[in-house]
Asks: 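Structure in structure tokens, see below.
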Amino acid sequence: MSPVMVNAGLSPIRVGILGFGGLGQAATRVLAPKQQMQWVAVADQKGYAYDGEGLNPNRCIEIYQAQGSVGYLETHGVLSSNSIEDLVKTAPGVEGYFLALPNLPNDFMASVAKTFIRLGWRGVLVDAIKRTSAVELLLELKDELQTAGITYMTGCGATPGLLTAAAALAAQSYTEIHNIKITFGVGIANWEAYRATIREDIGHLPGYTVEQARAMTDAEIEALLAETGGLLTLENMEHADDIMLELAGICSRDRVTVGGIVDTRNPKKPLSTNVQITGRTFEGKVSTHTFTLGDETSMAANVCGPAFGYLKAGIQLHRRGIHGLFTAAEIMPQFVS
């Protein structure tokens, strides 16, 4: 089988999405025009849906927004308080899942991975996790994932993910990396569309913890945003780009910094998202590469697109019998057409 056209001449890769908030819903729209992947499974907090012939994104979003769960979907929906486990048991032939889940509490993603291991499921899992400590918890499961026959791709969103991979590629110009600086701008018209993401970001603010952010009511978050004019300014974040670049042998984690601004009231980005890689070349010259994302690309586009690109790469690895834990800085994503 050609490594480039992983499913040329074959049926589409059957994929599922876990989590159906703003990111999960956006992921369905990213998948909709794709020919190489087919969306067949989804779970949220209260239920799940599975259709081997493919789910209808518009109908699922309509049901979720009206009734609070895809479990209410006619024919294919099931209400469940144990939705992820029940879906995995019910949905045969799903080769990979995008975990569009809030990592609250900090060990939640690791607990989801343990569920897949316990169920004896074999396939590819992809997350867009943020925190360094959360990735460290997954690293502890590396051997278990390999033994279980799971290929797990972690940190595969925008940052960590797209920008981390760009940094790993740009680092090749240098013999020594001095620093890597990731700066992001996110604009969303209404914070309620990305409640979990905003809560995670609040957990990075000075004086807040992940636990505090998770416990905040919507009214408390709205009060905080009222104080800041809708802006969240984040500096020196605990972001897994650092451990991913360290694991890839690019530089020590203390040379990586991540920060940015999230505007929760305006879809226009407050600043351009970019990564700067500064280093010394073999000639002794110090220089900086800068990779900047187009301002017109949304957070959802820059997270979901790479996530599915890494899912396709993970499928390639899995079909070759390569299992375990990998990061966005180790593997090149493959474009899903």
Side-chain angles (χ1 to χ4, degrees), residues 17-19 21-24 26-27 98-113 125-141 152-168 180-188 191 193-206 208-214 216 221 232-248 253 256-262 264 273-275 293 298-307 310 325-330 333:
I17 297 171
L18 301 186
L23 201 58
F98 172 34
L99 311 182
L101 298 163
N103 193 49
L104 298 171
N106 201 45
D107 62 351
F108 181 63
M109 213 65 78
S111 72
V112 172
L125 301 176
V126 174
D127 72 39
I129 210 167
K130 293 181 183 179
R131 284 184 171 268
T132 303
S133 52
V135 170
E136 288 174 331
L137 291 172
L138 285 167
L139 283 168
E140 295 175 7
L141 300 176
Y152 194 118
M153 315 292 292
T154 189
C156 296
T159 171
L162 176 60
L163 294 173
T164 331
I180 295 174
K181 182 180 180 182
I182 293 172
T183 306
F184 61 82
V186 174
I188 54 177
W191 83 269
Y194 289 92
R195 292 171 187 265
T197 298
I198 297 303
R199 275 193 166 81
E200 279 199 74
D201 286 338
I202 289 172
H204 286 279
L205 290 173
Y208 289 85
T209 65
V210 174
E211 291 73 23
Q212 286 174 311
R214 184 188 182 205
M216 290 177 72
I221 290 176
L232 297 177
T233 301
L234 305 156
E235 298 177 349
N236 296 317
M237 299 173 73
E238 186 207 326
H239 239 240
D241 305 84
D242 59 4
I243 189 172
M244 289 163 57
L245 289 165
E246 185 174 86
L247 287 169
R253 68 181 73 185
V256 181
T257 57
V258 180
I261 298 175
V262 179
T264 63
T273 297
N274 67 87
V275 56
L293 304 185
S298 65
M299 174 189 70
N302 293 325
V303 171
C304 298
Y310 281 107
L325 185 73
F326 303 90
T327 79
E330 295 177 272

Asks: Can you name the closest pair of heavy atoms from Gly157 and Pro306 and give their distance?
Replies: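 Result for this residue pair: O-CB, 3.5 Å.
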
Asks: Going by ring-ring contact (aromatic ring centres under 6.0 Å, His included), name the residues that satisfy it together with Tyr310, two or more places apart in sequence or in a different chain.
Replies: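 Per chain and number, Tyr310 pairs via ring-ring contact (aromatic ring centres under 6.0 Å, His included) with no residue.
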
Asks: Supply the atom-to-atom distance Glu235 CD to Ile261 CD1, rounded to the nearest 0.5 angstrom.
Replies: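 The distance works out to 8.5 Å.
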
Asks: Between Arg195 (side chain) and Gly21 (backbone), is there a donor-acceptor pair under 3.5 Å?
Replies: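 Side chain of Arg195 to backbone of Gly21: no pair is present.
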
Asks: If you round to the nearest 0.5 Å, how far is CG of Leu104 from CD of Glu200?
Replies: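 That separation rounds to 4.5 Å.
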
Asks: Can you tell me how far CG of Leu141 sits from CG of Leu325, rounded to the nearest 0.5 angstrom?
Replies: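 Leu325 atom CG to Leu141 atom CG measures 8.5 Å (nearest 0.5 Å).
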
Asks: Might you point out which heavy atoms bring Met244 and Pro160 nearest each other, and give the distance in Å?
Replies: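 Smallest interatomic distance, heavy atoms only, reads SD-CB, 3.5 Å.
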
Asks: Restricting to side-chain contact (heavy atoms from CB on, under 4.5 Å), what partner residues turn up for Ala27, sequence neighbours left out?
Replies: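 Once residues adjacent in sequence are excluded, the partners of Ala27 under the side-chain contact (heavy atoms from CB on, under 4.5 Å) criterion are Ile17, Phe98, Cys304, Phe308.
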
Asks: Identify, with sequence neighbours excluded, every residue that meets side chain to side chain donor-acceptor pair (under 3.5 Å) alongside Thr257.
Replies: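 Applying side chain to side chain donor-acceptor pair (under 3.5 Å) to Thr257 gives none.
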
Asks: Testing Thr197, Asp201, Asn106 one by one against Lys130 for a side chain to side chain donor-acceptor pair (under 3.5 Å), which residue passes?
Replies: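 Looking at Thr197, Asp201, Asn106, the match for Lys130 under the side chain to side chain donor-acceptor pair (under 3.5 Å) is Asp201.
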
Asks: With sequence neighbours left out, what residues match Arg253 under salt bridge (charged side-chain N to carboxylate O under 4.0 Å, His left out)?
Replies: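 If we apply the salt bridge (charged side-chain N to carboxylate O under 4.0 Å, His left out) test to Arg253, skipping adjacent residues, the hits are Glu136, Glu246.
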
Asks: State, to 0.1 Å, how close Ala329 and Ala168 come at their nearest heavy-atom pair, and which atoms those are.
Replies: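 In terms of heavy atoms, the two residues are closest at O-CB, 4.1 Å.
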
Asks: Between CG of Leu99 and CD1 of Ile129, what distance do you get to the nearest 0.5 Å?
Replies: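 Spacing of CG (Leu99) from CD1 (Ile129) equals 9.0 Å.
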
Asks: Any idea which heavy atoms bring Val135 and Ala240 closest together, and the distance?
Replies: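 Nearest pair, atom of Val135 first, then Ala240: CG2-CB, 3.5 Å.
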
Asks: Keeping Thr132 on the side-chain end and His239 on the backbone end, is there a donor-acceptor pair under 3.5 Å?
Replies: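 At least one qualifying donor-acceptor pair exists.
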
Asks: When rounded to the nearest 0.5 angstrom, what distance separates CG in Asp241 from OG1 in Thr159?
Replies: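 Between Asp241 CG and Thr159 OG1, I get 3.5 Å after rounding to 0.5 Å.
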
Asks: State which residues pass side chain to side chain donor-acceptor pair (under 3.5 Å) with Thr154; sequence neighbours excluded, sorted by chain then number.
Replies: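 Here the qualifying residues are Asp127.
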
Asks: Could you pull out the closest heavy-atom pair between Ala167 and Val275, with the gap in Å?
Replies: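 Looking at all heavy atoms of both residues, the shortest contact is CB-CG2, 4.1 Å.
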
Asks: If I compare all heavy atoms of Phe108 with all of Asn103, which pair ends up nearest, and what's the gap?
Replies: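 Where Phe108 meets Asn103 most closely, the heavy atoms are N-OD1, 3.6 Å.
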
Asks: Check for a donor-acceptor pair, side chain of Thr183 on one end and backbone N or O of Gly259 on the other, with a separation under 3.5 Å.
Replies: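 Between the backbone of Gly259 and the side chain of Thr183 there is no qualifying donor-acceptor contact (under 3.5 Å).
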
Asks: Quick one: list whatever passes salt bridge (charged side-chain N to carboxylate O under 4.0 Å, His left out) with Glu238, sequence neighbours left out.
Replies: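 Glu238 satisfies salt bridge (charged side-chain N to carboxylate O under 4.0 Å, His left out) with Arg131 once adjacent residues are dropped.
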
Asks: Looking at CG of Leu138 and CD1 of Ile243, how far apart are the two atoms once the value is rounded to the nearest 0.5 Å?
Replies: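 With rounding to 0.5 Å, CG (Leu138) is 10.0 Å from CD1 (Ile243).
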
Asks: Report the C-alpha distance between Phe184 and Leu293 in whole Å, list the side-chain angles of each, state the deciding distance to 0.1 Å, and finish with yes or no for side-chain contact (heavy atoms from CB on, under 4.5 Å).
Replies: CA-CA 9 Å; Phe184 61 82; Leu293 304 185; over 6 Å; no

Asks: Just to verify, what does Ala158 make a side-chain contact (heavy atoms from CB on, under 4.5 Å) with, not counting sequence neighbours?
Replies: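 Only Asn302, Val303 meet the side-chain contact (heavy atoms from CB on, under 4.5 Å) criterion with Ala158.
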
